[in-house]
Amino acid sequence: EVQLQASGGGLVQAGGSLRLSCAASGFTVVYDEYAIAWFRQAPGKEREGVACISSSDGTTHYGDAVKGRVTISIDKPEDTVYLQMNNLRVEDTAVYYCAAAPILSRTGFWQPDYWTSWGQGTQVTVSS
C-alpha cells in the first residue's frame, strides 16, 4: 500500500520561503518507478497542479502560477519529494497535497484523476 505524508506547511510573510516535504512509503515495493506531484486547493477553488517529478529520470513540470518560484526535487534513497517555494505571495495560500502515480506521462498529469494515491494536506498561509 502506498502512503504519502506531507509536511512543512506554515505561516509565512509575503516574499518568504517554505519547503514542503512528501515522504512516500510502499512505493518502491509496488513500483520500480513513480511520479510525485504537488497540488494545492484554496477555499472555493479547484485543486490546482503546482509541480510534479518523475523518479526515473527527474523530469519536472511546473504550473504556470508558480513557475520560476518553486523547485521540486526528489531524494530517491529516502523516497521523499521536496517542494521549495520562494517569493511566496498571498495568492499561494492554500492546502497543499502530494500525490503519486506509477509513471509521469507526457500529458494529463495536471488532472487530479491522473494521480492514484494522495496524502493528507498541509496548510500554507502567506500573509501580506
Side-chain angles (χ1 to χ4, degrees):
E1 179 184 358
V2 175
Q3 293 186 332
L4 303 170
Q5 181 72 36
S7 61
L11 174 64
V12 64
Q13 286 190 327
S17 298
L18 277 176
R19 189 177 78 157
L20 306 184
S21 300
C22 177
S25 61
F27 243 117
T28 52
V29 174
V30 178
Y31 305 119
D32 290 334
E33 66 173 89
Y34 56 89
I36 299 287
W38 285 97
F39 282 76
R40 66 186 184 184
Q41 190 164 21
K45 295 189 177 181
E46 294 186 351
R47 195 163 291 194
E48 174 188 30
V50 176
C52 55
I53 188 167
S54 168
S55 74
S56 63
D57 61 5
T59 297
T60 58
H61 299 285
Y62 294 96
D64 290 339
V66 300
K67 201 169 292 184
R69 299 188 295 119
V70 307
T71 303
I72 190 170
S73 61
I74 187 168
D75 181 340
K76 290 183 68 175
E78 296 295 325
D79 286 332
T80 299
V81 171
Y82 300 99
L83 185 72
Q84 177 67 43
M85 302 190 295
N86 300 321
N87 192 21
L88 284 162
R89 305 169 181 170
V90 172
E91 52 264 38
D92 293 321
T93 296
V95 178
Y96 284 70
Y97 299 89
C98 60
I103 61 171
L104 184 61
S105 64
R106 291 188 176 186
T107 62
F109 46 80
W110 289 140
Q111 299 302 316
D113 289 349
Y114 176 91
W115 303 89
T116 56
S117 300
W118 289 83
Q120 92 295 352
T122 185
Q123 177 71 47
V124 171
T125 302
V126 184
S127 64
S128 59

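Sequence positions, counted from 1, serve as the residue numbers for this chain.
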side-chain contact (heavy atoms from CB on, under 4.5 Å) between L88 and L18, worked out: CA-CA 8 Å; L88 284 162; L18 277 176; 4.1 Å; yes
Criterion side-chain contact (heavy atoms from CB on, under 4.5 Å) on Y96 and M85, from CA distance to verdict: CA-CA 12 Å; Y96 284 70; M85 302 190 295; 3.8 Å; yes
Could you list the donor-acceptor pairs under 3.5 angstrom formed by side chains in residues 65-75, with sequence neighbours left out?
| from | atom 1 | to | atom 2 | distance (Å) |
| --- | --- | --- | --- | --- |
| K67 | NZ | D64 | OD1 | 3.3 |
| R69 | NH1 | N87 | O | 3.1 |
| R69 | NH1 | D92 | OD2 | 2.7 |
| R69 | NH2 | A65 | O | 3.0 |
| R69 | NH2 | D92 | OD1 | 3.0 |
| R69 | NH2 | D92 | OD2 | 3.4 |
| D75 | OD1 | E78 | N | 3.4 |

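Rounded to the nearest 0.5 angstrom, I36 CD1 and T60 OG1 are separated by 14.0 Å. Note that CD of E48 is 10.0 Å distant from CD of Q41, once rounded to the nearest 0.5 Å. Interatomic distance, NZ of K76 versus CD of E33, reported as 8.5 Å (0.5 Å rounding). Of the inter-residue distances, the one linking I53 atom CD1 with T59 atom OG1 reads 8.5 Å to the nearest 0.5 angstrom. From Y34, atom OH reaches atom OG1 of T116 across 13.0 Å, with rounding to the nearest 0.5 Å.
Here the shortest heavy-atom pairing between A24 and L4 reads CB-CD2, 3.6 Å. Closest approach of T122 and A6 over heavy atoms only: CG2-CB, 4.3 Å.
Cluster partners of Y82: none. The rule joins Ile, Leu, Val, Met, Phe, Trp and Tyr whenever side-chain heavy atoms lie under 4.5 Å apart, and it links nothing here. Grouped with V95 in one hydrophobic cluster are F39, Y97, I103, L104, F109, W110, Y114, W115, W118, the linkage being side-chain heavy-atom contacts under 4.5 Å among Ile, Leu, Val, Met, Phe, Trp and Tyr residues.
For S7, the side-chain contact (heavy atoms from CB on, under 4.5 Å) criterion is met by S21, not counting sequence neighbours. Listed by chain and number, the residues in a disulfide (SG to SG under 2.5 Å) with C22 are C98 (sequence neighbours excluded). Q120 meets the side-chain hydrogen bond (donor to acceptor under 3.5 Å, both in side chains) test with no other residue; sequence neighbours excluded.
Remark: the backbone N or O of G10 is not paired with any side-chain donor or acceptor of T125 at under 3.5 angstrom. Under the 3.5 Å distance criterion, the side-chain polar atoms of S17 are left unmatched by any main-chain donor or acceptor of N86.
Few gaps surround CD on E91; more than 12 heavy atoms of other groups in view lie less than 6.0 Å from it.
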